[in-house]
Amino acid sequence: MAITTVPETPRKPGRPPSPYSARPQRTSLGRKVRDNLTGHAFLIGAVLCFVVFSWYPMIRGIVMSFQRTRRGETTWVGWDNYSRIIADPSFWTAWQNTFYFTVLALALGYVVPFFVAILLNEFRHAKGYLRILVYLPVMLPPASALFLFKFYAYDPSEAGLFNAILKALHLPTSQWMQSPEMTMPAMVVASTWMNMGGAVLIYLASLQNIPGELYEAAELDGAGIWRRIVHVTIPQTRLILALLAMLQIVATMQLFIEPLILANGAGAEDSATSVAYLIYQHGFFQNDLNGAAALGVIMLVVLAGFSAVYVRLTAKQD
Amino acid sequence: MSVPQYRKAAAVALVAGLGLSLTACSTKSDDKGSNAGGKVTITVDCQPVGAQKELLKNWNDDVAEFQKQNPDITIKSVSVGEQCNNPPDFTARLAGGTVTDVFYGYMTDLQQVLDSGQAMDISPHVNKDAISTWDSVDPALKEVFTDGGKLYAVPVKNYSMGLVYNKALFQQAGLDVNNPPKTWAEVRAAAKKISALGNGIAGYSEYSAGNTGGWHFTSLLYSQGGQVLTEDGKKADFNNAMGKQVLQNLKDMRYGDNSMGARQLLQWGDLLTNAGAGKVGMFIGAPDATQAIVSQFQGKFQDWAMAPLPGQDSAAKGTLGGGEGYFFKKDLTPEQVKAGLKWIAYQKLTPGKGQFDYARAKPQNYPVGLPQPLLFANGSDAQKQELELRKANANVDTTNFALFEATPVPIKGEPRNAQAVYAVLDGAMSGVLTNPNSNIDALLKTAEEKVNQLLAAES
């Protein structure tokens, strides 16, 4: 039988084959790991840390939320913990308080740092010192800052700082943390003061990236300060604004240390009970770790929902 | 070594290191506490913290002496904080299974400890042979730590509440220090006079946060003859005339007389800080509240005295009692249980030793003469010995507590699921103490619904 050989087609000279168009060579997982042993070893370290300290507790929490432990015996109870937690009258109070705090914190803690950053950006001198001044409260441990507010600023007697100011202005004094109506606004003020510095620095960095020509063009078109903010500053910083809004929502919904320190927990007539504090109360004071886990999962789902909305919104913007 | 070999070795070392460190974190000792030589080791918590220098020295001396007397036993002491039991820490240690072999708990903790599955039934081990004063221990206290006929802890301290008052402020306000208020109307009148001294002094002070508000509500309700839960422990039983009266008394003093000071939402340390600073005329508490005022909050013993808990129109019908004990961790060997009981007998239940070593405590200015720990039954041998020792070594003026001791009020234990119930009742207490327009009926109704829901979920 005659054997015919097909001559190899010569390659076209000049253009090298594209690395992307070439069919990828199959490499076994073991080979991949062997080729980058050090890299994978470091990766394993990071993954182990996440597994042990983040993912395992999260999964364990989800599992616990469907279990009940009595006399050392753990049984599966389905959605029982969830229905029990939702039926707890404090459940809705806690969510209501938490959303109220989040809305107030967005109105104050989100907007104020933005305008402070714009103001700082406008200063020509002493910028560095002003930034340090604004950032200083962030360096104070949160517990110390809150104790300052609790015992010094929010003292309900006339000796308290805010009451002394109100009195000097001939205005009615307040009971601050002891008044159910004032609890949340007072906590937001303290929280904003404590955390504003970080947000201001991020805004400042973002503001300084805006090309000066845009402002010059706007000025030539006769735009005043407000229109420059609306038409130049906000559109140019929208991604940072969206990111910080998201972070603010996620952070404020985990409200915990403020009620714990400023209101000694639940506050006047439960006005300071937040979802995170309720989790703590169930888990550590009511011997109800399963109920606490269920509430934690509910919170996780809500926060994940907010994060999903954020991802979707920013994806559209991009 | 070639480069690839070096990288391989580094990677293996890194993984091995991480693995080992993680294993180390989760390693559980397989040491059962005894070795071939017949030596037994037990871990015990509640060792005083470093800041409590004298108490720590006393504890360490006791350990050394005990080990000298019992060379086959090794005590490993663990400090878990000044109060020995801070509920969040305690819960975490129980849930994590990291309690010591012999661990401290409040009388209210029994259910939680049982639920965690960490406690051991010690009934077969506890008797007069293991603890020589066992027959003298008040049976009611043993009952508190008993469930289903099984004993789970050894009681080591007991308290009941009364009216603690500041003699110095009483004198300044022109009140008779030897005739403290006996009814809530008299408390109200005295509080008005004391708060009239000004300078931010509260005539009467009360808790309303951190579960302490509910704790005191319970005691005040007992003084009216009420109870927090029904006899079977299945329903709330405070939304009635007595519960209303408790809150009305407080509301009247807070907003009617303005005799309770401006700062409310107080929890344990807040009130005692004010008391130590001489800003509180009266409050309800146990005898050891005066000890905390002196040792932790810079107050003076001579300023404080105690009277029985006031009643609404006459003597109180009841008062809250509570206390503490030591549990034994499950899976201990019989030798470890025996060693643990021996240590508790030595440190907590023997007149003249450990907590009853009054001769040692006297020169250290650690209070001797307080009507506590109320551990032994009336008329028992151990009680007689303890009283004699206490009397002989008293370094606080026992007349300050004479009225409280001479007029005993029936003691009633804490309700089932006490901490959870107290947390709910904080809301009612904070309501009347922070809101002049609070609706007592509504506060009690809300609290009742919450407690019933909580109890239903528990059952």
Side-chain angles (χ1 to χ4, degrees), chain A residues 34 36-42 44-45 48-49 51-52 68-74 80-81 83-85 87-90 93 151 155-160 163 175 177-181 183 260 262-273 280-289 291, chain B residues 4 7-8 10-15 17-19 22 25-26 87-92 94-95 109 111-112 114-119 200 208-211 261-267 270 330 417 419-420 422-424 426-428 430-431 433-435 438 443 446 449-450 453-454 456-458:
Chain A
R34 274 199 303 279
N36 295 292
L37 201 57
T38 313
H40 279 96
F42 277 103
I44 287 169
L48 274 178
C49 283
V51 168
V52 174
R68 209 77 200 278
T69 303
R70 285 281 174 274
R71 303 264 170 170
E73 297 290 322
T74 299
D80 194 41
N81 290 319
S83 52
R84 191 165 51 81
I85 280 291
D88 178 354
S90 299
T93 309
F151 293 114
D155 185 334
S157 72
E158 289 185 349
N163 274 350
Q175 289 290 294
M177 296 307 299
Q178 290 176 200
S179 153
E181 293 78 28
T183 301
L260 191 72
L262 286 177
N264 275 351
E269 293 182 73
D270 285 343
S271 57
T273 302
Y280 175 71
Q281 185 75 34
H282 272 278
F284 294 105
F285 283 99
Q286 297 186 9
N287 184 29
D288 179 18
L289 286 168
Chain B
R7 287 173 65 187
K8 199 173 173 181
V12 170
L14 186 67
V15 174
L18 269 168
L22 287 169
C25 288
S26 62
D89 295 346
F90 185 66
T91 305
L94 272 180
D109 292 332
Q111 214 53 46
Q112 182 182 8
L114 291 179
D115 282 347
S116 75
Q118 296 288 325
S208 50
N211 297 12
R263 266 194 69 208
Q264 299 301 328
L265 293 181
L266 305 177
Q267 50 187 358
D270 301 324
K330 63 170 184 184
N417 219 338
Q419 293 299 339
Y422 293 164
V424 171
D426 268 359
S430 70
L433 295 177
T434 61
N435 182 1
S438 57
L443 287 172
T446 306
E449 282 168 9
K450 285 186 182 183
Q453 213 149 30
L454 193 145
E458 286 300 315

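Note that the structure is a prediction, hence the values are computed from the model and not measured. Convention: sequence-line order gives letters A, B, ...; per-chain numbering from 1.
Contacts with chain A were tallied for Val424(B), Asn435(B), Thr91(B); Thr91(B) has the most, counting heavy-atom pairs under 4.5 Å. Of the residues considered (Arg71(A), Arg34(A), Met177(A), Glu269(A)), Arg71(A) shows the highest number of contacts with chain B, using heavy-atom pairs under 4.5 Å. The residue among Ala262(B), Gly210(B), Gly117(B), Ala119(B) with the most heavy atom pairs within less than 4.5 Å of chain A is Ala262(B).
In this structure a side-chain-to-backbone donor-acceptor pair under 3.5 Å is missing from Gln264(B) to Gln178(A). Looking at Gln111(B), its side chain never comes within 3.5 Å of a backbone N or O of Asn417(B) through a donor-acceptor pair. Judged by distance alone, with hydrogens and angles left aside, the side-chain atoms of Ser430(B) form a donor-acceptor pair with the main-chain N or O of Asp426(B) at under 3.5 Å. When atom types are taken as modelled, the side chain of Asn163(A) and the backbone of Ser157(A) share a donor-acceptor pair closer than 3.5 angstrom.
Residues Thr273(A) and Gln281(A) fail the side-chain proximity criterion, which asks for heavy atoms closer than 4.5 Å. Residues Asn287(A) and Gln419(B) fail the side-chain proximity criterion, which asks for heavy atoms closer than 4.5 Å.
If you measure heavy-atom distances from Asn211(B) to chain A, the contacts under 4.5 Å come from the side chain alone. Neither the backbone nor the side chain of Leu94(B) comes within contact range of chain A, judged by heavy atoms closer than 4.5 Å. Interface remark: Ala92(B) contributes backbone and side-chain atoms alike to the contact with chain A (heavy atom separation under 4.5 Å). Neither the backbone nor the side chain of Thr74(A) comes within less than 4.5 Å of any heavy atom in chain B. Only the side chain of Asp270(B) has a heavy atom closer than 4.5 Å to any heavy atom of chain A. With a 4.5 Å cut-off on non-hydrogen atoms, Ala268(A) touches chain B through its backbone and its side chain both.
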Practice problem: Kindly determine whether Phe90(B) and Phe284(A) satisfy ring pair (Phe, Tyr, Trp, His ring centres under 6.0 Å), including the steps that lead there. | Solution: CA-CA 8 Å; Phe90(B) 185 66; Phe284(A) 294 105; over 10 Å; no
